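Bear in mind that the values here come from a model prediction, so they are computed numbers and not experimental data.
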Amino acid sequence: QVQLVESGGGLVQAGGSLRLSCVASGRNFTNYQLGWFRRAPGKEREFVAGIRWRAGGSKNYADDVKGRFTISRDNNKNTVYLQMSSLKPEDTAVYYCTARPTILELGGETYWGQGTQVTVSS
């Protein structure tokens with residue numbers, strides 16, 4: 001059974017930092033991109049950042065988090081991280097860890113964590 005378990009959310013003041021963690025288990029994620037989406041109140045879920053699981057995996061970011069957020073992974077711990085800095089009130093959302101199949105895993109299933117709340121006060 002695949003599980004993505006997030007942690008690290010909380011309340012922080014604008015300009016502050018938080019680090020989210022996601023422990024992935026239950027399958028081989030070599031041909032997957034792990035990453036983060038978020039859903040703000042009243043908005044659609046949107047992509048935040050992603051990283052290929054295999055060695056040398058490429059990273060990509062949404063435009064509005066570039067330069068502020070950094071995604072990384074520790075394959076030994078099966079964990080992906082999202083370091084968030086210079087947080088803004090508009091970053092307030094539920095953040096979801098996700099594992100999405102790449103082109104090397106055609107037909108693969110997408111997996112989601114349960115979400116962790118991040119609240120940034122002004």
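- To the nearest 0.5 Å, the span separating OG on S17 from CZ on F69 amounts to 9.5 Å.
- In this view, V23 and T79 satisfy the side chain to side chain contact (heavy atoms under 4.5 Å, CB included) rule, not counting sequence neighbours.
- Taking CD of Q3 as the reference point, atom OH of Y111 lies at 12.0 Å (rounded to 0.5 Å).
- Within a 6.0 Å sphere centred on CG of L106, heavy atoms belonging to other residues, nucleotides or ligands number more than 12.
- Looking at every heavy atom in both residues, L18 comes nearest to V118 through CD1-CG1, 3.9 Å.
- In summary, the aromatic rings of F37 and F47 are positioned with their centroids under 6.0 Å apart.
- Of all heavy-atom pairs between T98 and W36, the closest is CG2-N, 4.2 Å.
- Between L82 and A49, the shortest heavy-atom contact is CD1-CB, 4.1 Å.
- We find that K88 and D91 are not joined by a salt bridge, their nearest charged nitrogen and carboxylate oxygen being 4.0 Å or further apart.
- A cation-pi arrangement, defined by a distance under 6.0 Å to the six-membered ring centre and an angle within 45 degrees of its axis, is absent between R73 and Y81.
- Nearest heavy atoms, L4 versus A99: CD1-N, 3.7 Å.
- Between the Y32 side chain and the R54 main chain, no donor and acceptor come within less than 3.5 Å of each other.
- A donor-acceptor contact shorter than 3.5 Å links the side chain of N75 to the backbone of W53.
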| task | Apply side chain to side chain donor-acceptor pair (under 3.5 Å) to Q117 and T119, showing your working. | result | CA-CA 6 Å; Q117 177 70 46; T119 303; 3.3 Å; yes
Given R100 and E105, is the salt bridge (charged side-chain N to carboxylate O under 4.0 Å, His left out) satisfied, shown in steps?
CA-CA 9 Å; R100 298 185 294 165; E105 192 81 23; over 6 Å; no
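- In this structure, R52 places its CZ atom where only 12 or fewer heavy-atom neighbours from other residues, nucleotides or ligands lie under 6.0 Å away.
- Contact check on R38 versus E46 returns a salt bridge, with a Lys/Arg side-chain nitrogen under 4.0 Å from an Asp/Glu carboxylate oxygen.
- The CG atom of L34 lies 9.0 Å from the CD1 atom of I51; values are rounded to the nearest 0.5 Å.
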